[in-house]
2 protein chains.
Amino acid sequence: MDTAVRDYIAAHRGDFFAALKQWLAIPSISAGPSHSGDVRRSARWLADYLHNSGFPVAEVWETGTPAAPGLPAVFAQWPAADPAARTVLIYGHHDVQPVEPLDEWDSPPFEPVERDGQLLGRGASDDKGQVLFHVLGLAAWLASHGASAPPVTIKLLVEGEEESGSVHFAELLRRERDRLAADVVVVSDTSMWAADVPSMCTGMRGVVDAQIDVYGPERDLHSGSFGGAVPNPLHVLSGLLADLHDAQGRVTLPGYYDKVAGLTDAERELFAKLPFDEKAWLATAGNSGAASGEAGFSTIERIWARPTAEVNGMWGGHTGAGGKTIVPKEAHAKLSFRLVAHQDPADVPGMLRQFVAERTPEGVDVAVTCEGPGVRPCFSPIDSPEVAAGRRAMERAFGQEILFTREGGSGPEADLADILGAPLVFIAVGLDEDQIHAPNERVDMGLLLKGAETAAYLWDELAALAD
Amino acid sequence: MDTAVRDYIAAHRGDFFAALKQWLAIPSISAGPSHSGDVRRSARWLADYLHNSGFPVAEVWETGTPAAPGLPAVFAQWPAADPAARTVLIYGHHDVQPVEPLDEWDSPPFEPVERDGQLLGRGASDDKGQVLFHVLGLAAWLASHGASAPPVTIKLLVEGEEESGSVHFAELLRRERDRLAADVVVVSDTSMWAADVPSMCTGMRGVVDAQIDVYGPERDLHSGSFGGAVPNPLHVLSGLLADLHDAQGRVTLPGYYDKVAGLTDAERELFAKLPFDEKAWLATAGNSGAASGEAGFSTIERIWARPTAEVNGMWGGHTGAGGKTIVPKEAHAKLSFRLVAHQDPADVPGMLRQFVAERTPEGVDVAVTCEGPGVRPCFSPIDSPEVAAGRRAMERAFGQEILFTREGGSGPEADLADILGAPLVFIAVGLDEDQIHAPNERVDMGLLLKGAETAAYLWDELAALAD
């Protein structure tokens with residue numbers, strides 16, 4: 001059967017890339033209002049394409065309100081022949097990043113061209129190519145099985161605001177929760193370790209943003225008259241921030257690690273198989289020194305699977321030219337806390353307030369503010385049935401062992417897991433060198449076809465899972 | 001003899017205040033160029049007044065260069081009859097602070113008026129009143145002794161840039177070192193504890209300004225991709241600043257206290273006699289909490305007689321609205337170190353560099369910059385013959401015990417001591433409530449006359465010292 005899938009994909013690659021190029025020609029930039037018409041055209045194009053590909057349902061979903069409209073998402077559905085079959089929701093996005101600086105592109109960003117097995121153009125990897133391979137994969141499955149419906153009910157949700165903060169996404173998920181209901185969510189918007197090291201992402205970190213404000217005297221004081229005898233808000237703040245980590249690099253908020261799901265031995269072993277070149281990685285950060293962080297964990301583990309506390313900004317007192325001998329009246333810091341499963345963003349403000357209260361000296365007031373509800377971490381254990389099914393599908397397509405990664409960042413995927421209450425499986429074939437968000441974005445055309453092949457196998461693998 | 005001095009001063013108070021009002025009417029504001037002509041008129045007025053009062057030498061001394069002129073000082077000299085007598089140099093200044101906000105003055109700042117025993121006007125206390133009482137004091141001494149020359153050679157140096165940073169003062173002292181040579185310098189530009197608690201200042205702290213710059217990655221990094229695994233410059237800087245003080249509030253620079261002259265028991269006892277209301281003092285700082293600082297020292301001792309390290313400003317990373325999840329590429333802090341006798345400002349940069357080097361983790365670079373040579377502390381021991389002479393003169397004038405204070409700030413007085421190599425004696429009758437540098441500056445007219453009386457006695461007391 002795998003041969004039939006492969007043959008179908010090989011036979012239809014021309015049509016597939018022709019369609020993708022059509023879509024990539026639409027400059028669906030979601031940042032700023034100037035391309036909102038193009039984002040709408042992109043949604044319309046996709047809905048039409050899905051409809052023409054056989055999806056019985058293919059709709060453009062508006063977001064926001066009539067008074068303050070957002071950018072549209074696309075929803076499509078193809079029911080399984082068996083009404084008792086599982087439902088799979090595929091998530092991706094059809095909006096793209098801005099293209100500046102334009103003069104660094106080798107060819108115009110919305111006139112896609114092929115070069116050395118790569119397809120160049122804004123959105124080729126992030127995320128139009130990775131959305132579209134699902135359609136080719138499904139067609140290959142149907143053709144190779146001589147079937148007219150998939151073995152699972154397939155839903156697609158392709159949002160139009162991912163590159164501008166997914167501002168209406170959670171609202172949309174809540175509004176359409178019933179129609180989006182699924183047993184598993186397949187996310188196709190991440191990347192693999194390398195072309196020759198195919199891998200699956202199994203989680204993303206959550207995040208909570210916070211600000212600490214330290215207030216001391218009513219006005220800046222002359223440091224000759226008061227220095228050394230009243231608390232200095234910058235000293236207090238420096239002390240708080242220095243105390244955020246202990247000597248082992250662990251975050252000192254009370255109870256911060258209580259709910260952290262530890263790494264399993266199996267996952268650590270699989271992480272360790274990844275050919276990670278720490279020096280090269282440090283060089284991408286412009287850092288010629290050493291990595292550092294929580295003791296007892298590798299760099300990869302620190303970024304992907306351990307929570308952090310990071311000071312993102314700090315200011316107070318005199319910051320202009322020359323000297324000004326003052327005890328400043330206040331000092332401020334912005335922080336972000338990256339969370340891993342199963343930490344709860346709602347716990348962090350209380351922990352931070354307790355941490356601060358335990359360290360606030362007399363004579364200053366310290367305020368802690370957390371912005372919004374934060375983003376929950378999302379995580380799919382590598383031994384979960386859904387991840388195992390995805391891995392088998394990828395191994396059939398790539399013909400080699402599939403390793404595991406995670407993402408250190410945070411995204412709307414957590415909302416999918418939370419609001420829809422379904423496990424996530426990350427199936428993606430993008431690469432770090434695809435230059436997403438940068439000039440000359442590209443995608444490896446051969447890998448996109450491997451993605452389609454994975455998608456063709458995935459439905460059987462998911463359908464075969466015991467209930 | 002004291003009666004004769006008092007009678008003379010009482011008889012001539014009308015002429016004295018009439019002259020002072022003339023001088024106060026000249027708006028000799030040294031900040032900015034708009035009043036430079038008035039500063040020159042003020043210098044000319046003083047030189048003429050000194051000449052008319054009997055000083056054989058009374059000159060206006062230009063500062064700076066012809067191409068970049070500064071504001072003029074006034075120099076005067078009245079030799080002792082005995083060529084072997086000591087030489088005393090009196091220091092003060094004839095320039096004044098700006099007067100904004102004008103609408104907060106009860107009467108125009110350069111139209112001096114008397115009210116309830118106070119003389120109101122810009123410069124009344126700081127420093128024209130305190131310069132001029134020396135002339136009345138000398139006249140009283142001459143009249144009461146029937147003499148035509150003082151018992152010590154008296155020199156006056158009255159600068160015109162004190163309120164704008166004394167930018168040419170050290171240069172002037174070096175240029176005119178020979179003509180300014182003196183055995184003791186009498187500084188009349190400070191204040192007493194209170195009208196009913198007359199006191200002498202015995203020292204001022206020095207100061208060194210420094211900046212610490214921490215450089216990490218070449219650009220701001222995404223905290224999701226790098227946070228928790230590379231050094232964060234803001235964490236490093238917070239750690240450095242938090243480490244600047246130990247748990248006892250002592251500064252941790254290596255060797256920082258090695259040259260510090262400890263407080264003597266006598267000085268601590270005299271400090272403790274000052275009626276210091278800590279709550280009221282904290283209230284002037286808008287601080288409702290507790291004082292804090294180096295363990296084992298009172299608030300007064302901390303401000304006046306102990307060295308400090310103060311963070312005056314700090315900045316790095318995202319400081320605007322909202323959150324930005326970055327590991328910032330750099331972080332910066334401005335610091336000032338207040339020094340006491342016999343610390344040397346030239347030692348501080350090396351100590352700070354060593355402190356930083358011992359705490360710099362791999363992966364960041366830390367630069368330490370110190371601005372200029374710093375200001376040396378100045379200090380006259382309370383048991384030195386010159387201070388004791390000054391104290392006796394004040395006790396004769398005030399008829400009660402004279403206590404001691406110091407100044408926590410730093411000023412050009414250190415240059416006088418350093419460049420001229422003479423001990424300082426602070427004789428001043430200003431008060432904290434004189435509102436110097438603020439609207440409605442005033443001086444207690446009775447205290448100015450006590451200042452004149454002190455000055456009349458001071459020459460005998462200094463002349464009587466054993467060589």
Side-chain angles (χ1 to χ4, degrees), chain A residues 205 207 209 216-219 221-232 234-235 238-239 241-242 245 282 285-287 289-294 299 302-303 306 308 310-319 323-328 331 334 336 338 361-364 371 407-410, chain B residues 205 207 209 216-219 221-232 234-235 238-239 241-242 245 282 285-287 289-294 299 302-303 306 308 310-319 323-328 331 334 336 338 361-364 371 407-410:
Chain A
R205 293 196 287 192
V207 67
D209 291 328
E218 276 172 13
R219 59 181 192 287
L221 300 177
H222 189 291
S223 73
S225 305
F226 289 94
V230 295
N232 177 326
L234 281 170
H235 296 191
S238 296
L241 301 182
H245 296 88
L282 282 170
N287 186 319
S292 68
E294 189 182 355
T299 290
R302 287 169 180 162
I303 296 171
R306 299 298 298 173
T308 67
E310 206 73 33
V311 183
N312 308 122
M314 181 172 176
W315 70 102
H318 178 62
T319 60
K324 191 174 175 192
T325 48
I326 55 169
V327 176
K334 286 177 188 279
S336 56
R338 297 277 172 183
E362 268 195 284
V364 299
E371 283 189 41
E407 294 261 331
S410 312
Chain B
R205 292 197 288 193
V207 67
D209 290 329
E218 277 171 11
R219 57 181 194 287
L221 300 177
H222 189 290
S223 73
S225 305
F226 290 94
V230 295
N232 177 326
L234 280 171
H235 296 191
S238 296
L241 301 182
H245 296 87
L282 282 169
N287 186 319
S292 68
E294 188 182 356
T299 290
R302 288 168 179 163
I303 296 172
R306 298 298 298 173
T308 67
E310 206 73 34
V311 183
N312 308 123
M314 181 173 178
W315 71 101
H318 178 61
T319 59
K324 192 173 175 191
T325 48
I326 55 169
V327 176
K334 287 177 188 278
S336 57
R338 297 277 172 183
E362 268 195 287
V364 298
E371 282 188 43
E407 294 262 330
S410 312

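The sequence lines fix the lettering, A, B, ..., with proteins before strands; numbering per chain opens at 1. Here the structure is a predicted model, which is why all the values come from computation and not from measurement.
Interface remark: A/Ser223 contributes backbone and side-chain atoms alike to the contact with chain B (heavy atom separation under 4.5 Å). Contacts of B/Leu234 with chain A are made by side-chain atoms alone, with heavy-atom separations under 4.5 Å and no backbone atom involved. Both the backbone and the side chain of A/Glu310 come within contact range of chain B, with heavy atoms under 4.5 Å apart. Using a 4.5 Å cut-off between heavy atoms, B/Lys334 contacts chain A through its side chain alone, with no backbone atom that close. Interface remark: B/Ser238 contributes backbone and side-chain atoms alike to the contact with chain A (heavy atom separation under 4.5 Å).
In this structure the side chain of B/Glu362 never reaches within 4.5 angstrom of the side chain of B/Pro231, judged on heavy atoms.
Looking only at heavy-atom pairs under 4.5 Å with chain B, the residue among A/Ile326, A/Val327, A/Asp209 that has the most is A/Ile326. Your options are A/Lys324, A/Glu294, A/Glu407, and the one with the most heavy-atom pairs under 4.5 Å with chain B is A/Lys324. Chosen from A/Gly316, A/Ala291, A/Gly409, the residue pairing most often with chain B at heavy-atom distances under 4.5 Å is A/Gly316. Considering only heavy-atom pairs separated by less than 4.5 Å from chain B, the leading option among A/Val364, A/Leu241, A/Thr319, A/Val230 is A/Thr319. Ranked by heavy-atom pairs under 4.5 Å with chain A, the first of B/Gly227, B/Gly216, B/Pro361, B/Gly239 is B/Gly227. By number of non-hydrogen pairs under 4.5 angstrom with chain B, the leading residue of A/Leu221, A/Val207, A/Thr325 is A/Thr325. Contact count versus chain B (heavy atoms, under 4.5 Å) is highest, among A/Gly293, A/Gly408, A/Ser292, for A/Ser292. Between chain A and the residues B/Ala242, B/Ala331, B/Ser336, B/Ala229, the most heavy-atom pairs under 4.5 angstrom are made by B/Ala229.
In terms of heavy-atom proximity, B/Pro328 sits nearest to B/Gly317 at CB-CA, 3.5 Å.
In this structure, the side chain of A/Arg205 engages the main chain of A/Ile303 through a donor-acceptor pair within 3.5 Å. Using modelled atom types, one side-chain atom of B/His235 and one backbone atom of A/Val311 make a donor-acceptor pair closer than 3.5 Å.
Taken from CH2 in B/Trp315 to NE2 in A/His318, the straight-line distance is 7.5 Å, to the nearest 0.5 Å.
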